[in-house]
There are 2 protein chains.
Amino acid sequence: MAEKQESYQNGVLATLAVMGGKWKPLILCHMGAGPIRPAELRRVVPGISPKVLTDQLRELERDEIIERHVYNEVPPHVEYEITEYGHTLNKVLVAMSSWGEDRIKRLQDKGQTVDLVYPEHDGYSN
Amino acid sequence: MAEKQESYQNGVLATLAVMGGKWKPLILCHMGAGPIRPAELRRVVPGISPKVLTDQLRELERDEIIERHVYNEVPPHVEYEITEYGHTLNKVLVAMSSWGEDRIKRLQDKGQTVDLVYPEHDGYSN
DNA sequence: AACATAACTTACTTTTAGGTAAGTAATGTA
DNA sequence: TACATTACTTACCTAAAAGTAAGTTATGTT
């Protein structure tokens with residue numbers, strides 16, 4: 001590992017550039033089951049503000065992780081869907097989820113309360 | 001995956017709570033080869049400020065990812081070392097590194113310059 | 001006696017990610 | 001004709017993260 005330090009780092013950083021931040025991992029967790037509308041995402045990702053959700057979705061779209069489908073209807077109808085490329089992120093999400101689950105168990109075994117795990121949701125209750 | 005949404009999320013969030021942020025992944029990338037002193041970390045992680053490095057190391061220590069060894073000498077001598085538990089994070093780092101490397105190749109194949117990959121280093125040149 | 005050293009701590013200031021609020025579009029319903 | 005709907009956009013504001021700068025410690029070297 002000592003010889004490959006730099007590329008090791010760069011890969012990690014490139015990944016964080018795409019799926020880092022407070023909301024992107026949560027959003028991606030809810031996009032595996034198929035196309036989803038922003039309103040539904042707001043419902044299942046409690047606490048996210050409409051603006052930030054839009055921002056994050058646009059960035060994921062720009063990075064080709066998700067696709068935006070617009071249906072020309074009134075009221076507007078938009079769906080976001082993970083791309084084929086986006087699905088390759090699953091390995092990372094699964095590795096993170098798995099380690100995190102283990103950590104949660106660890107903390108619970110030590111009698112510690114596991115906070116900080118889910119962003120508070122107050123406001124934007126729907 | 002649809003039924004396990006929430007725990008999937010929580011695992012990811014628990015992981016991000018420990019190794020998220022701008023510097024922690026980089027720091028961890030440089031700690032696989034054995035104990036390392038803060039001054040050396042400042043050298044290999046260009047751009048990090050002394051205070052932020054200290055902050056990040058303390059958090060990693062609090063989360064039992066690394067250990068702090070103090071040698072009572074003058075001038076002070078401190079070493080940080082990954083714990084056994086900390087080493088379990090490697091799977092995550094490797095998954096992220098691997099995905100990120102692939103992404104870098106993808107971008108290069110499309111003729112795009114890969115920026116944002118490494119924090120700028122100006123100031124604290126040593 | 002002044003200076004260097006390593007690893008801090010304290011007390012700020014700056015940056016940036018995230019949050020709030022108000023407005024827009026186009027149409028259907030009360 | 002007023003209001004509701006969805007998915008925004010624009011403009012502004014706040015809080016958390018990161019950065020800067022100036023001590024502090026105890027000893028050894030010049």
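Protein chains get the first letters and strands the later ones, always in sequence-line order, with residue 1 at the start of each.
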Original post:
When you measure from the side chain of A/S97 to the backbone N and O of A/L93, does any donor-acceptor pair fall under 3.5 Å?
Top reply: no

Original post:
Within the distance-only criterion (no hydrogens, no angle test), does the side chain of B/T83 pair as donor or acceptor with the backbone N or O of B/E64 below 3.5 angstrom?
Top reply: yes

Looking only at side-chain atoms of [X], point me to the closest of [options].
X	options	value
B/R68	C/dG18, C/dC8, C/dA6	C/dC8
B/K22	D/dT6, D/dA18, D/dC8	D/dA18
A/A39	D/dA7, D/dT9, C/dT27	D/dA7
A/R58	C/dG18, D/dC8, C/dA7	D/dC8
A/V78	C/dA6, D/dC8, D/dA18	D/dC8
B/T54	C/dT9, C/dG18, C/dT20	C/dT9

Whole Å only: how far is the [atom1] atom of [X] from the [atom2] atom of [N]?
X	N	atom1	atom2	value
A/Y71	D/dT5	OH	C1'	19 Å
B/R42	D/dG19	CZ	C1'	14 Å
A/L41	D/dC8	CG	C1'	15 Å
B/N72	C/dT5	CG	C1'	16 Å
B/I48	D/dG19	CD1	P	7 Å
A/L57	D/dT6	CG	P	16 Å
B/H77	D/dG28	NE2	C1'	17 Å
A/H69	D/dC8	NE2	P	13 Å

Contact under 4.0 Å: [X] side-chain N or O vs [N] OP1/OP2:
X	N	value
B/Q56	D/dA18	yes
B/R37	C/dA7	yes
B/Y80	C/dA6	no

Original post:
So which one's nearest nucleotide on DNA chain C is more toward 5', A/P75 or A/G21?
Top reply: A/G21

Subject >> Other residues, nucleotides, ligands: >12 heavy atoms within 6.0 Å of B/E84 CD >> reply: no

Original post:
Does B/K51 get its side chain close enough to the base of D/dG19, under 3.5 Å, for a donor-acceptor pair?
Top reply: yes

**OP:** Please name the pair of heavy atoms, one in B/V12 and one in A/C29, separated by the smallest distance, quoted to 0.1 Å.
**Re:** CG2-SG, 4.2 Å

**OP:** Provide the closest heavy-atom pair for A/Y85 versus A/I65 in the form atom of the first, atom of the second, distance.
**Re:** CE2-CD1, 4.0 Å

